[in-house]
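In this text the structure is predicted, and so the values were computed from the model without any measurement. All values below come from the heavy atoms of this structure, side chains included, with hydrogens, waters and symmetry mates left out.
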Amino acid sequence: LAQAILAANFEINGGEKYFVLWKRVLVAMGKILIAILALSCAVLPGAGKTSMPKFKWGQNKEVLFVSVIVRDLNRDSVVVTLPSEGDLHFRAKNNAAEEQALDLPLREDVKVESMKWEIAPRPDKYGTVVLITLNKVHKHRWDLLVTDPKKFKGSMDKDWSREDASLEPEEEVPYAEDHASYMTSMTEKNLQKTLSKFGTVILNVRFPWCTTCKSGDDAFAKAAKEAKSRGKKDKGWKKIGFAVVDAREQRGLARRFGARCDDKCEYKVVSEEDGGHSVMKSAWSESELLASLSKYLRPAVQKLTAASEAEQIKESNTTCLAGFASEQDARYALFKRVAGLMRGELVFAAIFGSEANLEVWPHKQNYSWNYDGTWSDNGTALHEWLKPRAIPLIQPYDWQLREKYETLGLPLAKVWLDDEKNEPSLQKIVLHAVRRVAKQFIGKLAFVEMKKATHSYELREFGLNQPEEYPAFGIASNSSYDATKYGFEITPEVAASSTEFWKDTDSAIDKLSSFCGQVLAGTWPVAHETGPAHTNWTAGEVKRLAWKTWKELESPGVPLLLEVYGKYRTDNDKKLKETENLARILASHSSAVTVAAYDTADNYWPTGKFSREKYSSDTEWFWVAKPSATNDGPAMTKLSKPKKDAPMKTVLEFLKKQSGMDMDVADTFSKFEAEMQANPPSTTTTTSFDPSKHEAGLDGLGGMGGLGGLGGMGGMGGMGGMGGLGGMGGMG
């Protein structure tokens, strides 16, 4: 063949140089072919044969099981890989060196890091099993293992031994088909075409089996239909398209847009102008969704011909204004990208012809913020700088703003105002002072106004409810319920009263600024729930300690015999009276010991050497000695026999041992019993406490014993089916 090619080439081209050139090429190719043939001959017979092994699969809600079966398996040859979330590859050889290959394009995604596989210790009559387990990304029943089962006909079977029979088939709604007249089915192929047609496309990326966001799906379809109708009268709505992505079939788009099935229902907005996509929270109604989309009816950046044109925009919006050499300026491309991400939060305006600093003008304010950050990144720095400046320095807070402040990611400074009092002049002074502080900490803290009527309950977690005084001020590390809290308590050392503190504006600004700075620096103590401080205490009384007076426990002037309890314990009134009478009979020893009490139901108890549940009903006793240089925290010794609810005589024995006092325990206990006769507890019995009810705000229902007067309900004879309630006699 080579000779024929050479001869033909020589005849056609009629030149020797072409003959030589072709000869060199063919000789080189011949050497390569000889090497390949030699290598092939060196391999064992049958090595070139590749077979697809048989396999079977089963599942439960969380896990997928794939069993690959190979007869005469060479155990050392097994290789299992997941090149991606949706592809499973298996390679192995049998003892005859025959290749076994299985490539499975999975129906849905799995967690790559979760893959495990093992070889069965003994083969069965079909061969040796390699069991592969994979955790599903979405926990639900798969209808199929692979995207195209026909390709594996004869090789694939169901593993009923590992199939969870309780998994019911899921109903799949033909969502895209049902709304095809006003909604596009988005694919990788038509994405760009659809985007070019509309300019802005809102995507509902959904799984056909997922019903978690059904209300959002319904609102989306209704909004799509309404938008198409509006487009007949308003050309602006023709620039907004609605599309659905089948996240199971369009895996690439699903991964790109972060498809999931959970309660965080959301849409994706893709804009040709913005060059990216943003997230929009799912709507409950079509009107809510269309209102959110209205910001896409105008361009992300308003192009101005002169700076004076910005004045009209500033009158009704917070405005971000900058100058650029031209629309081709790299800085403008970054500016435009950030503008797309922040549509609806503030208005972006640009002037072309020469560069000018970027400024943010807050709505109805006579000052601006100047950006001095980088322009050389992808816009992240500018975006982060703008976010806290796009919201008011301080605004009334409600639950609808929670997500905004969570996204902002800043600690939240809160000022509580008493909206039940008519004090407009005082509130004006307070808000003026807080705004001045907020300007100092822009980008470090966000500030909000809280109303007493709706948010007074929060003061408890900030340690500001004992006493509850307004205006109040505190900082939470973030906007979540379990954020770390810091309270600014206006003590007599700070000001004579809360009102006096705020009226001295300059002093208030200085003190609040110092508080904010210390919180950010981590030097201000964390706030916790606290009871009131005990004032005007005298010897012979029980000293009621609280978290706000914890220093008295850490460094007592006189050693303490400390009772730690929860007020919801059984027979609380009786036990309070016992401690009261104990303090009375020990009054003569006031220079050596002080009887104190700490209620953990109303006060934070720090975890440490002596941990305790907040609503524990146990009564525990401690000896708290004076501090020494070697102590780390309070010098506490616990009465350990018994560990809880010790009788009073045992408490007295514990006191004598720890204090070294010259005290006759028997005589002192006799005095205690006599005092209990003279000053007995009330006859009211305290009901034990259910913490779950307390957390739900039902702790005020303890006095329901008076329901015994409901006996006159005989007129309810028609409710004969309630005979089973006879066991409720205890409600008398």
Side-chain angles (χ1 to χ4, degrees), residues 264 280-281 283-284 288 291-292 317-318 342 344-346 360 362-365 384 386-465 468-490 498 501-502 508-509 512-513 515-516 519-520 524 526-529 697:
K264 290 186 177 180
M280 179 180 289
K281 189 176 180 181
W284 288 98
E288 179 187 350
S292 299
N317 304 278
T318 294
M342 300 188 71
E345 297 183 52
L346 69 169
V360 173
H363 183 217
K364 294 183 179 180
Q365 301 297 324
E384 292 300 317
L386 283 172
K387 284 196 298 184
R389 292 163 177 82
I391 60 175
L393 282 175
I394 182 170
Q395 65 179 325
Y397 183 83
D398 63 52
W399 66 271
Q400 293 177 318
L401 291 172
R402 178 175 176 176
E403 186 175 353
K404 179 183 285 291
Y405 284 103
E406 283 180 348
T407 303
L408 192 59
L410 295 177
L412 207 57
K414 303 182 178 186
V415 56
W416 287 267
L417 300 176
D418 188 350
D419 54 331
E420 298 172 1
K421 288 184 179 180
N422 186 20
E423 298 177 321
S425 58
L426 175 61
Q427 293 188 8
K428 186 176 181 180
I429 292 171
V430 171
L431 293 175
H432 170 71
V434 174
R435 282 193 189 94
R436 287 177 58 183
V437 176
K439 284 181 70 175
Q440 296 179 40
F441 291 92
I442 188 75
K444 298 178 180 178
L445 292 169
F447 288 73
V448 292
E449 173 189 341
M450 316 295 285
K451 301 297 185 184
K452 175 184 177 181
T454 52
H455 292 96
S456 61
Y457 68 92
E458 287 191 2
L459 293 177
R460 175 175 175 173
E461 297 297 325
F462 287 82
L464 298 175
N465 64 324
E468 188 175 300
E469 292 184 336
Y470 297 89
F473 192 84
I475 295 175
S477 60
N478 54 60
S479 60
S480 67
Y481 174 78
D482 57 353
T484 304
K485 316 290 197 308
Y486 303 89
F488 180 80
E489 186 178 6
I490 301 174
S498 177
F501 169 81
W502 290 102
I509 291 170
L512 290 178
S513 298
F515 167 66
C516 292
V519 168
L520 292 174
W524 192 274
V526 174
H528 295 288
E529 179 187 2

Taking all atoms of both residues into account, what is the closest heavy-atom pair of [X] and [Y], and its distance?
X	Y	answer
P471	I490	O-CD1, 4.4 Å
Y486	F462	O-CD2, 3.4 Å
L346	T318	CB-O, 3.3 Å
S498	E469	CB-OE1, 4.2 Å
L445	F447	CB-CE1, 3.6 Å

N-O pairing of K404 and E406 below 4.0 Å:
no
Would L417 and M450 count as a side-chain contact (heavy atoms from CB on, under 4.5 Å) here? Give the steps.
CA-CA 6 Å; L417 300 176; M450 316 295 285; over 6 Å; no
Side-chain heavy atoms of [X] within contact of [Y], under 4.5 Å:
X	Y	value
S456	Y470	yes
F515	V437	no
P411	L520	yes

Mind checking the [atom1]-[atom2] spacing from [X] to [Y]? Nearest 0.5 Å is all I need.
X	Y	atom1	atom2	answer
D419	T454	CG	OG1	6.5 Å
K414	L459	NZ	CG	10.0 Å
L410	N478	CG	CG	10.5 Å
H528	R460	NE2	CZ	14.0 Å
K485	L412	NZ	CG	11.0 Å
E449	W416	CD	CH2	12.5 Å

S513 and Q440 side chains, donor-acceptor separation under 3.5 Å
yes
Any sub-3.5 Å donor-acceptor pair from K364's side-chain atoms to P362's backbone N or O?
no
Indicate yes or no for a side-chain donor-acceptor contact from E461 to the backbone of D482 under 3.5 Å, with no hydrogens or angles considered.
no
Do other residues, nucleotides or ligands put more than 12 heavy atoms under 6.0 Å from the CD atom of E288?
yes
Count the heavy atoms belonging to other residues, nucleotides or ligands that lie under 6.0 Å from NZ of K444, then report whether that count exceeds 12.
no
Go through it in stages, so that I can follow the logic: the residues are E468 and K452, the test is side-chain contact (heavy atoms from CB on, under 4.5 Å), and I'd like the CA-CA distance, side-chain angles, deciding distance and then a yes or no.
CA-CA 10 Å; E468 188 175 300; K452 175 184 177 181; 3.9 Å; yes
Could you walk me through whether F473 and C516 satisfy the side-chain contact (heavy atoms from CB on, under 4.5 Å) test, starting with their C-alpha distance in whole Å, then the side-chain angles of each, then the deciding distance to 0.1 Å, before giving a yes or no?
CA-CA 10 Å; F473 192 84; C516 292; 4.2 Å; yes
Under the criterion side-chain contact (heavy atoms from CB on, under 4.5 Å), I'd like the reasoning laid out for L464 against E489: C-alpha separation, chi angles, the key distance, then a yes or no.
CA-CA 6 Å; L464 298 175; E489 186 178 6; 4.1 Å; yes
Before you tell me yes or no, could you show the steps for F501 and F488 under ring-ring contact (aromatic ring centres under 6.0 Å, His included), namely the whole-Å CA-CA distance, both residues' side-chain angles and the distance that decides it to 0.1 Å?
CA-CA 12 Å; F501 169 81; F488 180 80; 5.5 Å; yes
Under 3.5 Å, side-chain donor or acceptor atoms of residues 386-397 against the rest of the protein: list the pairs with distances, not counting sequence neighbours.
residue, atom, partner, partner atom, Å
K387, NZ, E384, OE1, 3.4
K387, NZ, E384, OE2, 3.1
R389, NH1, W385, O, 2.8
Q395, NE2, Y405, OH, 2.8

